[in-house]
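Reading through the structure tokens given below for one structure.
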There are 2 protein chains.
Amino acid sequence: MNYPTSWLTSMSIGEKIACEVRLKIIRGDIAVGSVLSENHLAKDFGASRSPVRDALRVLANEGLIRLERMGAVVLGLSKKDIEELYDVRILIETHLLKTLSKTDQTSLSQELSKVIDKMTMAMEHRNPIDFSYQDLLFHELIVIESKHERLLRVWYSLKPVVLTALLVATAKRFEVDYDEIQLLIDKHKLIIDALLSQDDHVIERTLLEHFQDTRTTVYDSLMKEDLQ
Amino acid sequence: MNYPTSWLTSMSIGEKIACEVRLKIIRGDIAVGSVLSENHLAKDFGASRSPVRDALRVLANEGLIRLERMGAVVLGLSKKDIEELYDVRILIETHLLKTLSKTDQTSLSQELSKVIDKMTMAMEHRNPIDFSYQDLLFHELIVIESKHERLLRVWYSLKPVVLTALLVATAKRFEVDYDEIQLLIDKHKLIIDALLSQDDHVIERTLLEHFQDTRTTVYDSLMKEDLQ
DNA sequence: AGTTGTGTACTTGTATACAAGTACATTTTA
DNA sequence: TAAAATGTACTTGTATACAAGTACACAACT
């Protein structure tokens with residue numbers, strides 16, 4: 001599986017390279033500890049060093065590589081990374097759901113239901129690319145609705161890695177555990193219910209359980225036989 | 001006041017330009033809504049477009065500018081931005097203090113006390129640059145001690161803007177309300193007390209009050225007469 | 001006077017060249 | 001044989017050139 005070309009529209013060459021390299025790192029196609037150089041990547045992608053340099057800075061920002069004086073070291077995505085990424089999301093999304101639940105959210109819950117419908121259609125069409133896109137869009141809409149721009153910015157900084165990991169995990173899930181996709185969809189409905197319950201404890205518990213499942217799934221799907 | 005040259009050691013040209021431009025934007029020397037171009041900035045700084053391009057991407061990541069097809073629009077740092085930046089810090093640091101308080105933190109509290117001593121020395125030497133550096137280091141040590149690398153990464157992504165705003169605010173505070181610096185120092189001691197209390201509610205209240213003061217101070221110090 | 005077309009000056013994305021630094025391989029020396 | 005010195009091939013940071021796109025000023029037309 002390559003990075004979905006439909007997601008690459010209107011991207012610069014540097015952005016495209018960042019997406020392709022990100023996917024390879026997260027899938028383990030590029031080994032942790034290996035050293036990337038601008039010249040090598042430029043040759044590999046048939047581009048000049050300028051967009052490669054841009055791409056490497058993006059990936060360094062995402063914590064997937066560490067830029068050094070000579071070459072960039074691949075840090076990869078460990079189990080701890082995945083757990084911590086979901087920690088950050090739990091912190092942000094729980095806080096924002098609690099805040100949003102203080103006011104009438106009929107409109108938002110309807111929007112979220114529509115996204116769940118699209119997840120269902122993606123499941124029925126056996127389309128993991130669209131499914132993972134809608135899955136993350138569900139959460140994105142919550143953060144957007146909070147109108148907290150700085151938390152949205154933090155959330156967006158996590159998005160490329162989370163979406164790529166989710167894409168890989170979902171593709172595998174569609175192959176191996178297709179029967180459980182419906183359960184994933186149902187769990188998103190629980191979040192809407194928690195939002196409408198206006199109960200902080202219910203929100204907290206629902207989000208913890210939701211992300212507990214998700215990060216276990218993502219982690220299991222990403223890991224090769226030999227644990228990192 | 002220019003950006004402290006002692007903080008610019010071992011930086012690339014691009015990093016230096018980012019720091020200088022960040023300070024000018026936060027101080028309001030570069031107006032919100034104005035348009036920056038790579039060519040203009042390159043000429044201003046006597047550099048080529050490459051490091052300027054790097055710098056602009058850093059500032060865009062920090063939400064101070066928005067890169068567009070033709071030029072970069074200055075977004076600046078509004079009151080809402082400052083409030084939201086401290087919201088993010090409250091979310092992160094409260095969560096981490098609660099987590100840390102579950103275990104023995106004698107060592108950390110001693111380190112934090114040392115930093116408070118340095119804040120006191122900086123106050124006595126009337127050195128706002130070192131004072132603001134130690135102030136933020138106090139909080140940084142807490143986040144580092146949590147060993148939560150992804151939250152640390154988020155915290156570090158806020159740091160350049162927060163430190164620059166704090167620097168400007170502290171410089172003004174030293175001029176205008178020097179007598180109240182001691183109160184700032186005392187409030188940091190309260191955080192250590194809250195950590196050692198091992199009481200989640202105490203931690204929550206202490207952090208809220210601490211940052212309530214800080215963001216009001218930062219905001220008041222940054223604003224010109226005409227509100228944005 | 002208003003609208004349309006053309007030209008110009010600007011922007012950024014990308015390609016390429018150069019300089020300085022780094023790391024390793026090879027040669028020289030003791 | 002081991003240590004030191006030298007050479008080479010690589011890296012990145014930065015400078016500069018080129019192409020494509022954009023926005024505005026100016027000229028021509030109605």
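Chain naming here is simple, since letters A, B, ... match the order of the sequence lines and numbering starts at 1 in each.
Phosphate proximity of D/dT12 to A/Arg53: absent, as no side-chain N or O sits under 4.0 Å from OP1 or OP2. Within the structure, a side-chain polar atom (N or O) of A/His40 is placed less than 4.0 Å from OP1 or OP2 of D/dT11. Listed pair A/Ser12 / C/dG13 fails the phosphate criterion, with no side-chain N or O lying under 4.0 Å from OP1 or OP2.
Rounded to a whole Å, the NZ atom of B/Lys43 is 14 Å from the P atom of C/dA9. Atom pair B/Glu68:CD and C/dT12:P shows a separation of 11 Å (rounding to whole Å applied). For the pair A/Leu67 CG and D/dT11 C1', the interatomic distance rounds to 12 Å; values are reported in whole Å. Put simply, CZ on A/Arg66 is 16 Å from C1' on D/dT12, counting in whole angstrom units. Between A/Leu41 atom CG and D/dC10 atom P there is a gap of 16 Å when expressed in whole angstrom units. Residue B/Leu56 contributes atom CG, which lies 11 Å from atom C1' of C/dT12 at whole-angstrom precision. With rounding to whole Å, B/Ile17 atom CD1 is found 10 Å from D/dT14 atom C1'.
Between B/Lys172 and B/Asp220 there is no salt bridge, since no side-chain N of the basic residue sits under 4.0 Å from a carboxylate O of the acidic one. A/Glu84 has a carboxylate O that lies under 4.0 Å from a charged side-chain N of A/Lys80, or vice versa, which qualifies the two as a salt bridge. Here A/Arg173 does not pair with A/Glu175 in a salt bridge; the nearest charged N to carboxylate O distance is not below 4.0 Å.
B/Asn61 places no side-chain N or O within 3.5 Å of a backbone atom of B/Val58 that could act as its donor or acceptor partner. With hydrogens and angles ignored, the 3.5 Å screen pairs no side-chain donor or acceptor of A/Glu38 with any backbone N or O of A/Arg49.
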>> I'd like to compare against my own output: the B/S/- annotation of nucleotides 15-23 of chain D with a strict under-4.0 Å heavy-atom distance to protein.
In response: BBB---BB-

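Sorted by first and then second residue, the pairs that involve residues 125-136 of chain B and meet side-chain hydrogen bond (donor to acceptor under 3.5 Å, both in side chains), not counting sequence neighbours, are B/Asp135-B/His188.
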> Does the side chain to side chain contact (heavy atoms under 4.5 Å, CB included) test come out yes or no for B/Tyr156 and B/Val143, once each step is laid out?
Replying inline: CA-CA 10 Å; B/Tyr156 273 144; B/Val143 185; over 6 Å; no

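Among the heavy atoms of the strands, none lies under 4.0 Å from A/Asp54.
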